[in-house]
2 protein chains.
Amino acid sequence: MLKLTKKADYGLMALKYLAEHPETVALSAKDIADAYGIPAQLLAKILQKLTKSGLLKSHAGMNGGYALSRDAREISAYEVIHSIDGPFFITSCTKGSKGCELTPSCTIKEPLARVNDTIAGVLKSISIQDLSDHEHPAGPTEKSSPLVYLTH
Amino acid sequence: MLKLTKKADYGLMALKYLAEHPETVALSAKDIADAYGIPAQLLAKILQKLTKSGLLKSHAGMNGGYALSRDAREISAYEVIHSIDGPFFITSCTKGSKGCELTPSCTIKEPLARVNDTIAGVLKSISIQDLSDHEHPAGPTEKSSPLVYLTH
DNA sequence: CAATATCCGACTTCTTCGGTCCGGGTTTAG
DNA sequence: CTAAACCCGGACCGAAGAAGTCGGATATTG
């Protein structure tokens, strides 16, 4: 259905929270989970993934927790989603760079791959910092198209 | 994982196939399914949805089948996906225009809604006709960003 | 009437997501 | 030193949604 997972949502929320609390040395998974009312153990696993991807630094022991490894401006939403949910592809049949062998006549993906690139580009242009700004950020695209939802 | 369903893929493929065969009055679901090697009954249900959405015209009985209700240039990929998979939202918590009541502190969706708009805009700018063109179409974006996949 | 289609809901199967549990290893406070 | 607080990571399970099947009803043509 073309929506990102809750885990990715949680990850973005957690990074945003960390970005908004730069004065603290580190925040535990439980702290962040309580702040948003999300299951702590689940958030913990997400933060572990982000740590393994190099987006976070972790510190065990008492008063330990997580902290951003870079400036919030240098972390893109794409990196977060990618490290949590893995590489995403719009089309269901694409695996790697090869076309789908199963359905040889699937000539759909060629133009859809360009859509995929566009989405990835938008996600890469958004930083964690942008999520905290309640005013309009630098802008994901040159021109913010005024689109209307078709709530059927 | 931010990918569209197989049903949407099938729908796009079927419309593309219809667009490439304008000389025929109507094609049955089985004809299209056989051409792509996808289950006929499943494709039939998808085409029914597209008919109810007004993208296709159906004709029962012998020599019946489906035909595009408009020019292929006038049907966007957005309409197809929307009518098959329903309205899509990037964020998992958004329902309608209201914010998520469950997690009151979810301030993430505001910027992500803009991403949602961008994606919808790209999908709307792509027509069925564009899928058939093997050359570069009008172009979903001004500049085709040369992005590289991070196959982890 | 008979053959060929669409039409449409119910049903099964399969995968993935969301979430939990538990047994580790580390660091710090007392 | 010991215990508390924290991170680490695999195993596990239920729920939800996707993919696909089945069966019957209706419409159209020859």
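Chain letters run A, B, ... following the sequence lines, proteins first and then strands; every chain starts at 1. All heavy atoms count here, side chains included; hydrogens, waters and symmetry mates do not. Just so you know, these numbers come straight off a predicted model, no measurement behind them.
Rounded to an integer number of Å, the gap from B:L27 CG to C:dT4 P is 18 Å. Between A:D9 atom CG and C:dC17 atom C1' there is a gap of 13 Å when expressed in whole angstrom units. Rounded to an integer number of Å, the gap from B:L56 CG to C:dC7 C1' is 14 Å. Between A:K52 atom NZ and D:dC8 atom P the separation is 11 Å, expressed in whole Å. B:K57 places its NZ atom 19 Å from the C1' atom of C:dC7, with the value rounded to the nearest Å. Rounding to whole angstrom units, NZ of residue B:K49 and P of C:dC8 are separated by 12 Å. Between the CD1 atom of B:I38 and the P atom of D:dA18 there is a distance of 17 Å, given to the nearest Å. Spacing between atom NZ of A:K30 and atom C1' of D:dC8 amounts to 19 Å, rounded to whole angstrom units.
For B:T51, no side-chain nitrogen or oxygen approaches OP1 or OP2 of C:dT6 to under 4.0 Å.
You'll find that the side chain of A:S28 is closest to D:dC7, out of D:dG20, D:dC7, C:dG19.
In the helix from C:dC1-D:dG30 to C:dG30-D:dC1, the terminal helix axes, each the rotation mapping four pairs' C1' atoms onto the next four within five end pairs, subtend 10°, rounded to 10°.
For DNA chain D, the residues of residues 41-48 of chain A within the heavy-atom distance limit of 4.0 Å (strictly under) are A:K45, A:Q48, sorted by number. A heavy atom closer than 4.0 Å to some atom of DNA chain C occurs in B:H59, B:A60, B:G61, B:M62, B:G65, B:Y66, these being the qualifying members of residues 59-69 of chain B.
The side-chain contact (heavy atoms from CB on, under 4.5 Å) search around A:A33 returns A:I38, A:A40, A:L43, not counting sequence neighbours. A search for side-chain hydrogen bond (donor to acceptor under 3.5 Å, both in side chains) contacts involving B:Q48 returns nothing, not counting sequence neighbours. In this view, A:S83 satisfies the side-chain hydrogen bond (donor to acceptor under 3.5 Å, both in side chains) rule with no residue, not counting sequence neighbours. Every residue two or more places apart in sequence or in another chain that forms a side-chain contact (heavy atoms from CB on, under 4.5 Å) with B:A77 is listed here: B:L12, B:I126.
Sorted by first and then second residue, the salt bridge (charged side-chain N to carboxylate O under 4.0 Å, His left out) pairs involving residues 66-75 of chain B (not counting sequence neighbours) are B:R70-B:E79, B:D71-B:R73. For residues 25-38 of chain A, every residue pair satisfying the salt bridge (charged side-chain N to carboxylate O under 4.0 Å, His left out) rule, not counting sequence neighbours, is listed here: A:K30-A:D34.
Atom CG of A:D9 sits about 9.5 Å away from atom NZ of A:K3, to the nearest 0.5 Å. Summarising the geometry, atom CD1 belonging to B:I84 is positioned 7.0 Å from atom OG1 belonging to B:T5; distances are rounded to the nearest 0.5 Å. Note: A:I119 CD1 to B:N116 CG = 10.0 Å, rounded to the nearest 0.5 Å.
Contact detail for A:D130 and A:S125: the closest heavy-atom pair is OD2-O, 3.7 Å.
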For a quick test of your reading: what N or O donor-acceptor pairs under 3.5 Å do the side chains of residues 54-66 of chain A make, sequence neighbours left out?
none

